[in-house]
Every structure is written in structure tokens, then in C-alpha cells.
Amino acid sequence: MTMDLFTEQRPHSIAIAEGACWLPGFALPEMHALWPCVKHHLTAHPPQQMMTPMGYVMSVQTSSMGALGWVSNAQGYGYSPVNPSTNVSWPPLPPVILQLAAEAAGKAGYDQFVPDSCLINVYAPGCKMGLHQDKDEQDFTQPIVSVSLGLPATFLFGGSKRSDKPVKIPLQHGDVVVWGGASRRFYHGVSSVKAGTHSVTGNCRINLTLRKAG
Ligand code: MD6
Ligand code: FE
């Protein structure tokens, strides 16, 4: 019994709500391939601060991969096949990210997850994301897979109402969170990232959010 804990590469899955789970360290076995891929992407497609529909500048810097990239502007939140700052298509999702997303979704009970969008958020110290619902996708039967890299952060996972008290999840480098089913439209957010230095990312937290948007 104890042996399994040591021989199994990705041992635990922690339920955080109905249909939602936290997979600590799930991305670590793939990090050697994942990180160079993310780093290369961010050099070629530098993340930018977007405006919210209310006219505020978001604190996180954002870039995307896949057929549809997440965008925000005065018209609202949504998905676009092109990078709004260059009018050029986002690059395709690399196999390492597609496979990681499908494996994490599978571990959480969602089979055959094929994302068409990977939002990459870069959080400098002090950056945060307020409680919100993800509701700009076409198919709510498909889950969301979120991969954390670099500096730790507290992920807040609430309920179907903004006023529902969120649970606080201390996310570390390589952790994955998957939510879908009954919790697909639950409120969630990220507390202000504390200053620090991480051996892989340096002075930031990076989050990959994988979705089937179209
Ligand atoms: C994160 N991001 O960056 C979580 N949701 O850790 C989100 O939950 C998110 O960045 C919808 C749209 C943009 C986002
Ligand atoms: Fe979200």
C-alpha cells in the first residue's frame, strides 16, 4: 500500500467541489518539455495587459495558444482566432500541452478533453484575479484545466453565487486544477501573488488555462 505512493508518479487528487479537483504536482513529470515550450511561446508572443470591458487595465499579462485565444476589450470578454495586438493567428497548441490537459482532465473524470484554447497569464508580484465565472465558451460539458508554474499563489474556488465563500487552495509550481460538471461555472479567482523568486520562472507566477472554447 505504502509502496504505491512512491511508485505511482502522480498520486493524489483532492476534491475541492463537485466536479472539481486539485492535482498537486501533476505537471511536474512533463515540466522538462512543458517549460521550454511556454518560455519560447512567451518570447515569440509577448504577454500584454488587456483592458476589461469596464475600462480597467488587468494586472496580469496575457498571451494565448490554440485556434482561439482569450481576449478582453471594451466590447466584452471572448475568444479570437487572432492576437488583437498583431492581427496574427495564435500558434497551435503543442502536443505536450494537449497531452497534459487530456491526462489531467481524465484523472478528474473528464474523458476525451481536446482543448482549442490555452490562455497564458503572467502574474508579477501584486497581480491578482478577482472572483469571476468562465462563461464565454460554447460547450459547458467540457471542463477547464488550469496549470500553475513558478511562484505560489492562493487559488480561490467558490460556488455558483459570487457571495459563496471560496475555499483557498495553495497552488505550487506544477499543480493542476480541473473543474467541470456541477462546478463548471463556479466563481474562482487568484489572490495577490507575493514577491519571490522561483528557480524555473524567476519573479513571476504563470498560469495556463486550457479550454474547449469553440
Ligand atoms: C489564473 N485565470 O490565471 C486563472 N478565467 O490562474 C482565470 O480563471 C481566467 O485568466 C477566465 C478568463 C481569464 C482568466
Ligand atoms: Fe477563470
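Just follow the structure's listing: the first ligand is 1, and inside any ligand the first atom is 1. On a predicted model such as this, the values are computed, not experimentally measured, just so you know.
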Peer 1: With a 4.0 Å cut-off on heavy atoms, does R211 reach ligand 1?
Peer 2: yes

Peer 1: State, to 0.1 Å, how close V145 and A101 come at their nearest heavy-atom pair, and which atoms those are.
Peer 2: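 Taking every non-hydrogen atom into account, CG2-O, 3.9 Å.
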
Peer 1: Any idea which atoms of ligand 1 are less than 4.0 Å away from a heavy-atom of N207?
Peer 2: 1 (C), 3 (O), 4 (C), 6 (O)

Peer 1: Which atom names give the shortest non-hydrogen contact between S160 and Y187, and what distance separates them?
Peer 2: O-CE1, 3.5 Å

Peer 1: Against S63, only a single residue in H41, Q48, H45 fulfils side-chain hydrogen bond (donor to acceptor under 3.5 Å, both in side chains); can you say which?
Peer 2: H41

Peer 1: Taking C-beta and beyond as the side chain, do W179 and S146 meet within less than 4.5 Å on heavy atoms?
Peer 2: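 When only atoms from C-beta onward are counted, S146 and W179 do touch, with a gap below 4.5 Å.
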
Peer 1: Considering the heavy atoms of Y123, write down every atom of ligand 1 situated less than 4.0 Å from one of them.
Peer 2: 1 (C), 3 (O), 4 (C), 6 (O)

Peer 1: Work out which heavy atom in I169 is nearest to a heavy atom in F157; give both atom names and the distance.
Peer 2: CD1-CB, 4.1 Å

Peer 1: Looking only at N/O atoms, are N121 and ligand 1 under 3.5 Å apart anywhere?
Peer 2: yes

Peer 1: Can you tell me which portion of W70 lies within the under-4.0 Å heavy-atom range of ligand 1? Options are side chain, backbone, both, or neither.
Peer 2: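 Under 4.0 Å from ligand 1, W70 contributes side-chain atoms alone.
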
Peer 1: Can you name the one residue among Q142, E137, Q133 that meets side-chain hydrogen bond (donor to acceptor under 3.5 Å, both in side chains) with R184?
Peer 2: E137

Peer 1: Please write down residue, atom name and distance for the protein heavy atom closest to atom 13 (C) of ligand 1.
Peer 2: L119 CD2, 3.3 Å

Peer 1: Does H40 have more than 12 heavy atoms from other residues, nucleotides or ligands lying within 6.0 Å of its NE2?
Peer 2: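 No, NE2 of H40 has 12 or fewer neighbouring heavy atoms, counting only those of other groups under 6.0 Å.
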
Peer 1: Within the 4.0 Å heavy-atom shell around V190, which atoms of ligand 1 are there?
Peer 2: 1 (C), 6 (O)

Peer 1: With atoms numbered from 1 as shown, which atoms in ligand 1 lie under 4.0 angstrom from a non-hydrogen atom of D134?
Peer 2: 5 (N), 11 (C)

Peer 1: Ignoring water, what protein N, O or S atoms are under 2.8 Å from the Fe ion (ligand 2)?
Peer 2: H132 NE2, D134 OD1, H188 NE2

Peer 1: Heavy-atom distance under 4.5 Å between the side chains of W70 and N121, does that happen here?
Peer 2: no

Peer 1: Flag the pair T201 / W35 as yes when at least one side-chain heavy-atom distance between them is below 4.5 Å, and no otherwise.
Peer 2: yes

Peer 1: Any nitrogen or oxygen of W179 lying under 3.5 Å from a nitrogen or oxygen in ligand 1? Just yes or no.
Peer 2: no

Peer 1: Can you find a heavy atom in the side chain of V167 that is under 4.5 Å from one in the side chain of F155?
Peer 2: no

Peer 1: What protein heavy atom sits nearest atom 2 (N) of ligand 1, and how far off is it?
Peer 2: M129 SD, 3.5 Å

Peer 1: Does the side chain of L149 come within less than 4.5 Å of L34's, by heavy atoms?
Peer 2: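 The answer is yes; the side chains approach within 4.5 Å.
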
Peer 1: Is it true that atom CD of E18 has more than 12 heavy atoms of other residues, nucleotides or ligands lying nearer than 6.0 Å?
Peer 2: no

Peer 1: For atom 5 (N) of ligand 1, which protein heavy atom lies nearest, and how many Å away is it?
Peer 2: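 For atom 5 (N) of ligand 1, the nearest protein heavy atom is H132 NE2, 2.8 Å.
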
Peer 1: Using a 4.0 Å heavy-atom threshold (strictly under), name the region of R205 that reaches ligand 1: side chain, backbone, both or neither.
Peer 2: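 It is the side chain that touches ligand 1; the backbone stays farther off.
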
